[in-house]
Amino acid sequence: MKKISLTGIKPTGDLHIGNYFGAIKPALELAKEYDARYFIADYHALNTMKNPAELNFTIRQVAACWLASGLDPEKVIFYRQSSIPEVFELTTMLMAFTSKGLMNRAHAYKAAVQENNEKGDDTDAGINMGLFTYPVLMAADIIIFDSDVVPVGKDQVQHIEMAQDIAQSINANYKQQVLKVPQAVVQENAAVVPGLDGRKMSKSYGNVIPLFAPEKALRKTIMRIVTNSQPVEEPKDPQDSQIFQLYKLFAQADEQDALAGRYRAGGMGWGEAKEELFRVINRSLSPIRERYDAIMADIPALDKILEQGAQKARPIAAATVKRFRKAAGID
Ligand code: TRP
């Protein structure tokens, strides 16, 4: 039997090329070898997104992005978290085995507390129970589908470790393997895509290149990449420039060599390098953008795909819950 790969994306805003290279592309690579179950973590987004029209839209946006990027819903079980009520039943069961201390140690919660303390606010200001218990819901997402591997970015590894802890303590308590213990898969090389300012591309830094911006807006964004004041004539070190780091993600090997040569030779200004970067990014993203636009133009068809995925997913989820209930004496 093939092993199972599972991952989810939280629909909290416009997707950028960091999401694509850090999450979507590696997950779709894994889907070639594994039985893949990929989903939209919409209840996770509810922790921070309280505007219904916006959340409704971002859910479809993420779904369309998966499909436009090449996810085949015939091969991958593709669904919305909110369509699988068993996930929330399992969450309640996992809660009984999750120490509060474990949640206190979660990075996202700790960062929110630290920020409050630094501002002199109440320790728990603005922190809802959804954020505090986030790792339990995520553990349920993973464990309910008997996942073997979970492709994620480095920032999510702690959550997978918590899912392991929770599953292990349940198995230990019932002296049997009730739940499968998942492993994180971190794409080391894909993990860091530099943003416009050279820091890691991240929505929270406001330095992103959006995946689906129209061509004109895409070009404008690329022209905003921060560069130093080296004059045109001066030779430049390609490794030193985020323009070249981004270029490497989209250009073929011979194109990369050619551009690196032009950097080193001098005589090429940053503006020209950005034009070249725009050309290759636009070349790669245009077909994805076209598919994305077509999918977003027919939301009922998109919803149908997600609903069909949920129908495949639910019996698997129900079987895990049943197994657990039996082990726990709630059958
Ligand atoms: N926490 C993940 C993120 O913010 C999203 C997510 C929710 C997830 N549930 C998951 C990822 C289960 C992997 C597996 O990116």
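Order of listing sets the numbers, starting from 1, for every ligand and every atom in it. Source: prediction; values computed, not measured. Residue numbers start at 1 and run along the sequence shown.
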Going by the side chain to side chain donor-acceptor pair (under 3.5 Å) test, name the single residue among K180, K2, K3 that passes it with D148. K180
What does the contact table look like for ligand 1 (nitrogen or oxygen on each side, cut-off under 3.5 Å)?
from	atom 1	to	atom 2	distance (Å)
ligand 1	1 (N)	Y134	OH	2.6
ligand 1	1 (N)	Q156	OE1	2.9
ligand 1	4 (O)	Y134	OH	3.2
ligand 1	4 (O)	Q156	NE2	3.4
ligand 1	9 (N)	D141	OD2	2.8

Give a yes or no on whether the ring-centroid distance for F78 and F39 is below 6.0 angstrom. no
Check whether F212 forms a cation-pi arrangement with R289 (NZ or CZ under 6.0 Å from the six-membered ring centre, at most 45° off the ring normal). no
Is the F250 to F278 ring centre distance short of 6.0 Å? no
May I ask you to decide if V178's main-chain N or O and N171's side chain share a donor-acceptor pair within less than 3.5 Å? yes
For the residue pair D141 and Q81, confirm or rule out a side-chain donor-acceptor distance under 3.5 Å. yes
